Peer 1: 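This is the structure, below, for whatever I ask next.
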Amino acid sequence: MEDDRRAKLDRLRADGVEPFPHDFDGVVAIAEVHAAHAELEAGEETDAAYRLAGRLAARRGHGKAAFLDLIDRSGRIQLHARFDVLGDESFELLTSLDLGDLIGVDGTVFKSRRGELSLRLDDFKLLAKSLRPPPEKFHGLEDTETRYRRRELDLIANEDARELFVLRSRVVAAVRRYLDREGFLEVETPVLQPLYGGAAARPFTTHHNQLDRDLYLRIATELYLKRLIVGGLERVYELGKNFRNEGVSHKHNPEFTVLEWYEAYADYEDAAARLEELVACVAGEIGYAGAIDFTPPWRRVTLREAIEEAIGVDILFTRDPQALVDAARARGIEDLDPTETWARLVDELLSKHVEPALERPTFILDYPEELSPFAKAHRAAPSEDRLVERFECFAGGIEIANAFSELNDPDEQRARFEAQARELAAGDEEAHPYDEDFVRALEHGMPPTGGLGLGIDRLVMLLSGRRSIREVVLFPAMR
RNA sequence: GCCCCCGUAGCUCAGCUGGUCAGAGCGGCGGACUUUUAAUCCGCGCGGCGAAGGUUCGAGUCCUUCCGGGGGCACCA
């Protein structure tokens with residue numbers, strides 16, 4: 001059948017038809033036509049003329065007439081072609097088109113007897129010949145592998161997919177608009193870094209040939225952005241990819257899009273308020289109508305309370321891993337590993353016993369210092385609790401954001417790095433490497449700052465009701 | 001890394017306990033039809049069942065290995 005299309009291509013050229021012309025000016029979106037003529041009665045004709053372009057998605061032949069479906073990014077419209085309007089040659093060319101061919105059309109709007117808004121073709125032009133058959137038109141393309149690996153086919157075949165990625169684009173645009181309006185500067189910091197940092201994760205390593213040195217793909221933008229706060233930019237954000245050398249799952253892709261913002265003279269409570277406002281604002285702008293209520297204020301609960309509520313254990317009664325494991329075991333939690341650190345055990349309790357149940361947007365506040373090397377000590381909590389001003393925000397059972405009152409005491413930061421260095425030496429591959437450039441920057445003085453990271457892919461999952469990150473990433477990592 | 005599942009025409013899929021099992025719909029090709037809409041009607045199968053071995057008189061159908069994928073676990077604070 002590919003041969004059929006090749007043969008048609010040859011025939012077109014032989015007949016002097018250019019199968020790949022260079023342009024087609026003056027095209028409007030199909031959605032525009034629908035919007036302008038929504039009120040038309042069935043059977044009603046107009047003399048409103050439009051020029052459209054898109055892909056031929058279906059054809060219903062009818063002898064001396066034909067109905068065709070044209071799709072563009074904005075939608076679908078039916079075309080009606082008549083032999084007596086187009087003439088012999090043109091009509092024949094039209095009926096020899098293949099599904100998947102790209103065409104441009106001129107025509108006038110009418111509504112068919114059956115009530116479908118349509119365009120009566122006055123003229124059309126082949127804009128690009130398709131040499132391969134498109135996916136099946138009724139079931140669409142359902143094979144997950146093909147949908148992910150060959151996303152173009154998914155986009156051709158599935159209106160859902162088109163709408164989703166249009167939605168994603170609108171989400172990102174709305175996020176930018178909000179931050180721009182609030183006086184934030186969008187900046188770009190290095191993706192290739194001599195030292196990675198800002199998160200607990202293993203990096204991808206690459207190599208610069210001319211410099212003959214290894215570089216890391218960033219795992220976070222945090223440290224560079226805070227250096228910009230030291231530099232006086234006051235409100236900055238970066239929206240871009242982070243890379244983490246980790247497994248894939250329904251909520252993890254090795255490269256993922258993150259928004260980080262830093263705001264001078266703010267703390268984590270300001271960040272929480274801003275996140276609520278931002279997400280509610282974005283949800284409103286895209287017309288979100290799903291099950292999650294993003295209306296501020298969101299629920300706030302401390303980590304200690306959340307874990308106690310979930311499993312009945314007060315994590316702050318000890319810093320001893322074995323004691324915590326024993327306490328958890330007394331409440332029926334058997335699968336904790338006593339050789340882990342206390343902090344990692346706390347984290348495991350959070351991710352296994354608290355996070356999955358957090359459907360409505362919830363801030364979990366006030367983390368142990370050991371889990372948060374860049375967050376400032378809690379101003380109100382007893383010092384023996386060693387808590388920091390940090391929150392993670394969850395919704396739909398997944399973590400979407402992480403924020404702190406940024407640690408800006410350089411000596412304290414150095415001490416935290418040293419603690420991390422000991423972890424690293426002890427074999428924790430995800431501990432933070434010591435970043436002297438960052439500490440030196442802090443020594444010049446960083447204002448009190450509230451910073452936040454928001455997972456854009458996960459936000460899009462929530463706002464689109466998708467359960468897998470692969471659904472919302474155009475070309476997800478495949479095995 | 002481990003466990004489970006899947007891999008049949010361009011697409012969606014049916015093929016029970018191994019013996020016309022190489023099929024259907026959509027798509028395609030040829031023909032009819034000037035308002036249809038998963039258009040309809042008539043005719044045509046365009047793949048040899050992910051790959052390689054093996055068991056068997058006989059294998060999409062059973063076994064082994066490999067490849068690709070999905071899901072789960074681990075990992076991912």
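All values below were derived from every heavy atom in this structure, side-chain atoms included, with hydrogens, water molecules and symmetry-related copies excluded. Throughout, protein chains are lettered first and strands after them, A, B, ... in sequence-line order, and every chain is numbered starting at 1. Here the structure is a predicted model, which means the values were calculated and not measured.
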Peer 1: For A/P135 and A/L350, find the nucleotide of RNA chain B closest to each by heavy atoms; which residue's nucleotide sits nearer the 5' end?
Peer 2: A/P135

Peer 1: Can you find a side chain N or O atom of A/R114 that sits less than 4.0 Å from OP1 or OP2 on B/U35?
Peer 2: no

Peer 1: Both distances under 3.5 Å, Watson-Crick or G-U wobble: report the partner of B/A39, or none.
Peer 2: none

Peer 1: Please give, in whole Å, the distance from B/G68 P to A/R150 CZ?
Peer 2: 18 Å

Peer 1: Grab the N/O contacts between the protein and nucleotides 1-5 of chain B below 3.5 Å, and write none if there aren't any.
Peer 2:
none

Peer 1: It should be established whether A/K64 places a side-chain nitrogen or oxygen under 4.0 Å from OP1 or OP2 of nucleotide B/A32.
Peer 2: no

Peer 1: Look for any protein N or O under 3.5 Å of an N or O in nucleotides 38-43 of chain B and output each such pair with its distance, or none.
Peer 2:
| from | atom 1 | to | atom 2 | distance (Å) |
| --- | --- | --- | --- | --- |
| B/A39 | OP1 | A/K137 | NZ | 2.6 |
| B/A39 | OP2 | A/R60 | NH1 | 3.1 |
| B/A39 | N7 | A/G61 | O | 3.1 |
| B/A39 | N6 | A/G61 | O | 2.4 |

Peer 1: So A/F110, base contact, sugar-phosphate only, or nothing? Heavy-atom distance under 4.0 Å.
Peer 2: base

Peer 1: For A/R120, report the nucleic acid contact type (base, sugar-phosphate, nothing); a contact means any heavy atom under 4.0 Å.
Peer 2: base

Peer 1: Send over the distance from A/L56 CG to B/U37 P, rounded to a whole Å.
Peer 2: 18 Å

Peer 1: What is the separation between atom CZ on A/R132 and atom P on B/G28, rounded to the nearest whole Å?
Peer 2: 17 Å

Peer 1: Does a nitrogen or oxygen in the side chain of A/K352 sit under 4.0 Å from OP1 or OP2 of B/A74?
Peer 2: yes

Peer 1: Hydrogens and angles aside, do A/N402 and A/R390 bring a side-chain donor and acceptor to less than 3.5 Å of each other?
Peer 2: yes

Peer 1: Mind checking whether A/I364 and A/V301 have side chains closer than 4.5 Å, heavy atoms only?
Peer 2: yes

Peer 1: Find which nucleotide of RNA chain B each of A/A65 and A/L99 is nearest to by heavy atoms, and output the residue with the more 5' nucleotide.
Peer 2: A/L99

